[in-house]
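Working notes, structure below.
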2 protein chains.
Amino acid sequence: MSSDAPETRTRILQTTLNLLEGGTERGVRMADIAKQAGITRQALYLHFSTRAELLIAATRHLDDLKAANDRLMPSRKAKSGVERLNAYIAAWTAYLPEIYGTAKALLAMKDTDQAAAIAWNERMQDMKEGCEAAINALSADKRLLPDYTPDQATDILWTMLSVRNWEQLTLECGWSQEKYTNTISRMAHRLLVSDEARVEGNART
Amino acid sequence: MSSDAPETRTRILQTTLNLLEGGTERGVRMADIAKQAGITRQALYLHFSTRAELLIAATRHLDDLKAANDRLMPSRKAKSGVERLNAYIAAWTAYLPEIYGTAKALLAMKDTDQAAAIAWNERMQDMKEGCEAAINALSADKRLLPDYTPDQATDILWTMLSVRNWEQLTLECGWSQEKYTNTISRMAHRLLVSDEARVEGNART
DNA sequence: ACGGCCGCTTTACACCGTGTCAATTGACTG
DNA sequence: CAGTCAATTGACACGGTGTAAAGCGGCCGT
């Protein structure tokens, strides 16, 4: 009752993700997806009335597969603000390369398609909340560098961890994933975390 | 001899820039540009054989108007590495909002158009050289944080100053241009510049 | 075994934006 | 007056998305 109807739909989503991840230079078209899924282009529209809708559904599907929420919310474990920041950065930066293909496609539609823009923004907003939580934990521990308000620090962390920055550093600058993660992590610390020593006072700029 | 033929061409470039800067949600089409320039769409193709070509030409035109080189190379004035870094960041961040509309259009074409991708990459490479020069000056002064190699520091600065980051911080996070510039500048210092205290070694070269 | 529904196919077409082509106009110029 | 050159008019091809309608095969209930 629950696993016979959705069969094709799931297959479509799966092959969509495959193609997006494969990053077929020159974009992934509806026809490509249909062909790969072994159905006609028109059948695609029986399941998803629009390319944007399909992309969005694929993105959600990907999150389910990757158990995004579980991974991005290891907050419970974290004892200190610093630990929490570390955990969040580690989780997100590990997640990034896995969603990149799909994210890029959605990002590209953002400019021309209303629904895609909304979907993308929602996701990024969620991600930003994770940043905010980490920053707040840091702030609660008095380890947030006094130069910034929590809001400002959240914006900074959020921007540092953006898909575009990952893209630029790894794909354009040729950084390995490991180098990327390590460097970003150290940068975040240097930028946002105040020295342990002076837990009480405040810094000289 | 020199100023009668290019008349229309220049007008096209000018109105292209206007439209791009206006950021007419839903993209700027060839027909829009033609209409605005007071010619037919087809006449556009008498001057620029392709949309990408027009966009690229418009970008170059914009650089000329804004005297990009003059602004981005105030290196001669800078006495120290730190000064040079400051000068570069100030010049680039002031330049950014002026080119944003055009940059965004080119950036969007990058994914689908070979020529656009090349043009964009060239420009970003130029910009990166500016970053590199600043970092090298810093390094020569022994003021580059020892955590990074000059290459790495260049990548970091280059990424921090990306168009996408400007877009995110100002347009998405709502930072004012002033806040953006100040914060980025302070971040760059904190991330890349080591404390003045230990100038001890030799400074020049 | 029949009628009906369902998921998918086939075929065809509309729309939009880019790019091409050919014939024409109109102005300026030698 | 002929030539040329910029631009116009109108028509069309292509690729990609999205729509519409008719048909087909399997499966299900009665």
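In what follows, chains carry the letters A, B, and so on, assigned in the order in which the sequence lines appear, proteins first and then strands, with residues in each chain numbered from 1.
- Taking atom CZ of B:Phe48 as the reference point, atom C1' of D:dA7 lies 15 Å away to the nearest angstrom.
- The distance between atom CD1 of A:Ile12 and atom C1' of C:dG7, rounded to the nearest whole Å, is 11 Å.
- Here the straight-line distance linking atom CG of A:Leu65 with atom CZ of A:Arg60 works out to 14.0 Å at 0.5 Å rounding.
- Remark: B:Thr40 is not in phosphate contact with D:dA7, judged by side-chain N or O atoms under 4.0 Å from OP1 or OP2.
- In the set C:dT11, D:dA11, D:dG16, the nucleotide with an atom closest to the side chain of B:Gln42 is D:dA11.
- Where A:Arg26 and A:Ser49 meet DNA chain D, the nucleotide closest to each residue was compared, and A:Arg26 sits on the side nearer the 5' end.
- Donor-acceptor pairing under 3.5 Å, judged by distance alone, is absent between the side chain of A:Arg41 and the base of D:dG16.
- In this structure, B:Tyr148 has no ring-ring contact (aromatic ring centres under 6.0 Å, His included) partners at least two apart in sequence or on a different chain.
- In this structure, B:Leu46 reaches the bases: a heavy-atom distance under 4.0 Å links it to at least one base atom across the strands shown.
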**Criterion side chain to side chain contact (heavy atoms under 4.5 Å, CB included) on A:Gln14 and A:Arg11, from CA distance to verdict** = CA-CA 5 Å; A:Gln14 196 53 55; A:Arg11 186 158 36 96; 5.6 Å; no
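- OP1 or OP2 of D:dA7 has at least one side-chain nitrogen or oxygen of B:Thr8 nearer than 4.0 Å.
- For B:Ile39, the side-chain atoms get nearest to D:dT8 when compared with the rest of D:dT8, C:dT9, D:dT19.
- You'll find that the side chain of B:Met30 is closest to C:dG19, out of C:dG19, D:dT8, D:dT19.
- Between A:Leu55 atom CG and D:dT17 atom C1' there is a gap of 13 Å when expressed in whole angstrom units.
- Between the CZ atom of A:Arg51 and the P atom of D:dG16 there is a distance of 11 Å, given to the nearest Å.
- For the OP1/OP2 pair of C:dG7 and a distance below 4.0 Å, the side-chain nitrogens and oxygens of A:His47 include no atom meeting the criterion.
- Residue B:Thr50 places at least one side-chain N or O closer than 4.0 Å to OP1 or OP2 of C:dG19.
- The interatomic distance linking B:Tyr45 (OH) with D:dT9 (C1') rounds to 16 Å, in whole Å.
- B:Trp166 places no side-chain N or O within donor-acceptor distance of the main-chain N or O of B:Tyr100, the cut-off being under 3.5 Å.
- In this structure, B:Asp32 atom CG and C:dG17 atom P are separated by 8 Å, rounded to whole Å.
- A:Leu44 places its CG atom 14 Å from the C1' atom of D:dT19, with the value rounded to the nearest Å.
- In this entry the distance linking CD of A:Glu7 with C1' of C:dC8 reads 12 Å, nearest Å.
- By the neighbour-count criterion of 12 heavy atoms within 6.0 Å, atom CD of A:Gln114 is sparsely surrounded, having that number or fewer from other residues, nucleotides or ligands.
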